Each structure stands twice: as structure tokens, then as C-alpha cells.
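Okay, so here's the structure we're looking at.
One-based numbering along the sequence shown. Note that this is a predicted model, so its numbers are computed, not measured.
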Amino acid sequence: AAISVNKLRLTFSAPVVVKGIPQATVNDASATACAVVSNVVVDLTYATNVSAGQTWAVPARCRGIRTLSGGFVASATGTF
């Protein structure tokens, strides 16, 4: 995961399919927009700035991000 002002970039190890706005959070705030950069990179936009020291999370069974075969991606968390 990488940050850029109010965006979070998620990079996956395998291709994914994105539908709607994924449920990934930063400090418990939900994303307001999503841009698919490639089949392994997704940029999420938040209403507030994303900065060092904050936590991010992609929940288990997130309906907005799926594998190419339709399965769920693994949950993940981290701190910037």
C-alpha cells in the first residue's frame, strides 16, 4: 500500500476485479471513490488526507474486490 495526499494505492500480487467502491478503510474512514489503474493496482480516494501513522484495512470477504475466478481476496491491515 502506498499513500499520496488523500489516496491509498493498493497493489495486489494477482489480478483482481473491482466492483463499486471497495470497503478498504483508513483510520476507519471509508473510501469515497475508486480508480482501477491496472488489473493489479487500485487507487482509493478518501475525504480526508491519508498520512503516516494511520492504519489501513481491507476486510475479509470484501465484496468490492474479487479474484478473477470470483473468490475473495485475503484480508489485510497495516500502518503507514
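- Tested against Val16 for a side-chain contact (heavy atoms from CB on, under 4.5 Å), the candidates Thr67, Val36, Ile65 yield a single pass: Ile65.
- Of the possible polar contacts, none joining the Thr25 side chain to the Ala29 backbone as a donor-acceptor pair under 3.5 Å is found.
- Atom CG of Leu8 sits about 9.5 Å away from atom OG1 of Thr45, to the nearest 0.5 Å.
- One finds the CD1 atom of Ile21 at 8.5 Å from the CG atom of Leu44 (value rounded to the nearest 0.5 Å).
- In this structure, Thr77 has no side-chain hydrogen bond (donor to acceptor under 3.5 Å, both in side chains) partners at least two apart in sequence or on a different chain.
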- Query: Hey, mind stepping through Arg63 and Lys19 against side chain to side chain contact (heavy atoms under 4.5 Å, CB included) and telling me if it holds?
  - Reply: CA-CA 8 Å; Arg63 288 170 274 153; Lys19 291 189 177 182; over 6 Å; no

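- Between Pro59 and Ser75, the shortest heavy-atom distance links the atoms C-CB, 3.8 Å.
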- Item | Residues Val5, Val50; criterion side chain to side chain contact (heavy atoms under 4.5 Å, CB included); working and verdict | CA-CA 6 Å; Val5 186; Val50 177; over 6 Å; no

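- Val41 belongs to a hydrophobic cluster whose remaining members, ordered by chain and number, are Val37, Val40; membership requires side-chain heavy atoms of ILVMFWY residues under 4.5 Å apart, directly or through intermediates.
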- Please walk me through it: do Val42 and Phe12 pass side chain to side chain contact (heavy atoms under 4.5 Å, CB included)? CA-CA 9 Å; Val42 177; Phe12 298 89; 4.1 Å; yes

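- Closest heavy-atom contact between Thr32 and Ala47: CG2-N, 4.0 Å.
- One distance of note links CZ of Phe72 with CZ of Arg66; it measures 3.5 Å at 0.5 Å rounding.
- Evaluation of the side-chain hydrogen bond (donor to acceptor under 3.5 Å, both in side chains) rule for Thr55 yields Asn27 as partners, not counting sequence neighbours.
- A 4.5 Å side-chain heavy-atom check between Cys62 and Pro22 finds at least one atom pair inside the cut-off.
- Salt-bridge annotation for Lys7 and Asp43: absent, with no side-chain N of the basic residue lying under 4.0 Å from a carboxylate O of the acidic one.
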- Query: Would Leu10 and Val58 count as a side chain to side chain contact (heavy atoms under 4.5 Å, CB included) if you check the C-alpha gap in whole Å, the side-chain angles of each, and the deciding distance to 0.1 Å?
  - Reply: CA-CA 10 Å; Leu10 299 176; Val58 176; 4.1 Å; yes

